[in-house]
Trainee: 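Below is one structure. I have some questions about it.
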Amino acid sequence: MTESNLGAVVGGPARDALRAIAELLASDSPAVSDRVTLAIDYPERYVEVQNDLYSQTLEKPHPEMAWFALVDALHEQELLAWVDWNEDAAEVLGRLRQLESAPGAAHSWKWADELAAGYDRTAGLETLLAGVGANIAGSGVSVAWLDSDSDTFLIVFAPSVQSATLVELALATGHCVRVF
């Protein structure tokens, strides 16, 4: 796939939506937008950079590369947590609390221990995320799951007033986001 025809795969609304998601989730971190822009506008160069910096073995650009660039950049900026579907609730909550975008000192996490203790793993991680969402509802931040179509949950915090926008933007890229 060449740069010229990759643009057709990640073009139009998807291209703009990926950039908008980067800005929405990382407005104070230009590194995220820069990474997404590089993957969209210069995919061959993005592959080279990834291979050089991270000892990856990407052979060529692919249509999902810009989404992966977004996820990787958010993770590197401590704005996204990778969570396995069967991970311990206390571990999940601890990792979420450490994210740069998590509700901070103005919003107590005292509820987290009780939520972790009452968590039923058989009910699914979605129930834990719903509990987090309910407990941070007044903070102006919502918890969101960027669906990766795998056993891994990609969890971020987003401004509550922009939750619907985040869902719409993700759909424009061909991805699903659930906000709790």
Trainee: List the atom of Val32, the atom of Gln77, and the distance in Å for their closest heavy-atom pair.
Mentor: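 Smallest heavy-atom distance, with atoms named: CG2-CG, 3.7 Å.
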Trainee: Determine whether a donor-acceptor pair (N or O, by modelled atom type, separation under 3.5 Å) exists between the side chain of Glu91 and the backbone of Asp88.
Mentor: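 Not a single qualifying donor-acceptor pair exists.
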Trainee: How about Glu48: does its CD atom have over 12 heavy atoms from other parts shown lying under 6.0 Å from it?
Mentor: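 Atom CD in Glu48 is packed in, count exceeds 12.
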Trainee: Measure across Ser163 and Ser142 and return the closest heavy-atom pair with its distance rounded to 0.1 Å.
Mentor: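 So the minimum-distance heavy-atom pair works out to OG-OG, 3.5 Å.
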Trainee: Closest approach of Ser33 and Ala22, non-hydrogen atoms and distance?
Mentor: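 Looking at all heavy atoms of both residues, the shortest contact is OG-CB, 3.8 Å.
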Trainee: Atom OG1 of Thr127 and atom CZ of Arg121: how far apart are they, to the nearest 0.5 Å?
Mentor: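 So the gap between those two atoms works out to 11.0 Å.
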Trainee: Quick check: do Val71 and Leu80 have side-chain heavy atoms less than 4.5 Å from each other?
Mentor: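 Result yes, sub-4.5 Å side-chain heavy-atom pair found.
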Trainee: With Asp120, which residues qualify under side chain to side chain donor-acceptor pair (under 3.5 Å), at least two apart?
Mentor: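 Side chain to side chain donor-acceptor pair (under 3.5 Å) check on Asp120 returns Thr122.
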Trainee: Transitive ILVMFWY cluster of Phe153 at side-chain heavy atoms under 4.5 Å: who else is in it?
Mentor: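 Result for Phe153 is Val83, Trp85, Val92, Leu93, Leu96, Leu99, Trp109, Trp111, Leu115, Tyr119, Leu125, Leu128, Leu129, Val132, Ile136, Val141, Val143, Trp145, Ile155, Phe157, Phe180.
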Trainee: Is Leu25 close to Leu166 at the side-chain level, that is, under 4.5 Å between some pair of heavy atoms?
Mentor: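 Counting from C-beta outward, Leu166 and Leu25 do come under 4.5 Å.
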Trainee: Restricting to pairs with a member in residues 18-39, which pass salt bridge (Lys or Arg N to Asp or Glu O under 4.0 Å), not counting sequence neighbours?
Mentor: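 Matches after skipping sequence neighbours: Arg19-Asp41, Arg35-Glu76.
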Trainee: Roughly how far, to the nearest 0.5 Å, is CG of Leu79 from CD of Glu100?
Mentor: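 Going from CD on Glu100 over to CG on Leu79, the span is 6.5 Å.
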Trainee: Quick one: closest heavy-atom pair of Ala66 and Ala39, and the distance?
Mentor: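 Answer, listing the atom of Ala66 first, then Ala39: CA-CB, 3.8 Å.
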Trainee: Could you tell me whether the side chain of Asp147 reaches within less than 4.5 Å of the side chain of Arg178, counting heavy atoms only?
Mentor: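 Result no, sub-4.5 Å side-chain heavy-atom pair not found.
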Trainee: Hey, could you give me the OG1/CG distance between Thr37 and Leu18, rounded to the nearest 0.5 Å?
Mentor: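 Answer for the OG1-CG pair, Thr37 versus Leu18, is 9.5 Å.
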Trainee: Would you say the side chain of Glu64 lies within less than 4.5 Å of the side chain of His175, judging by non-hydrogen atoms?
Mentor: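 Heavy-atom side-chain distance check passes, below 4.5 Å.
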Trainee: Considering non-hydrogen atoms only, spot the tightest contact between Thr152 and Ser148 and give its length.
Mentor: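 Looks like O-OG, 2.9 Å.
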Trainee: Indicate the atoms forming the closest heavy-atom contact of Ser108 with Lys110, along with that distance.
Mentor: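 Here Ser108 and Lys110 meet closest at OG-CG, 2.8 Å.
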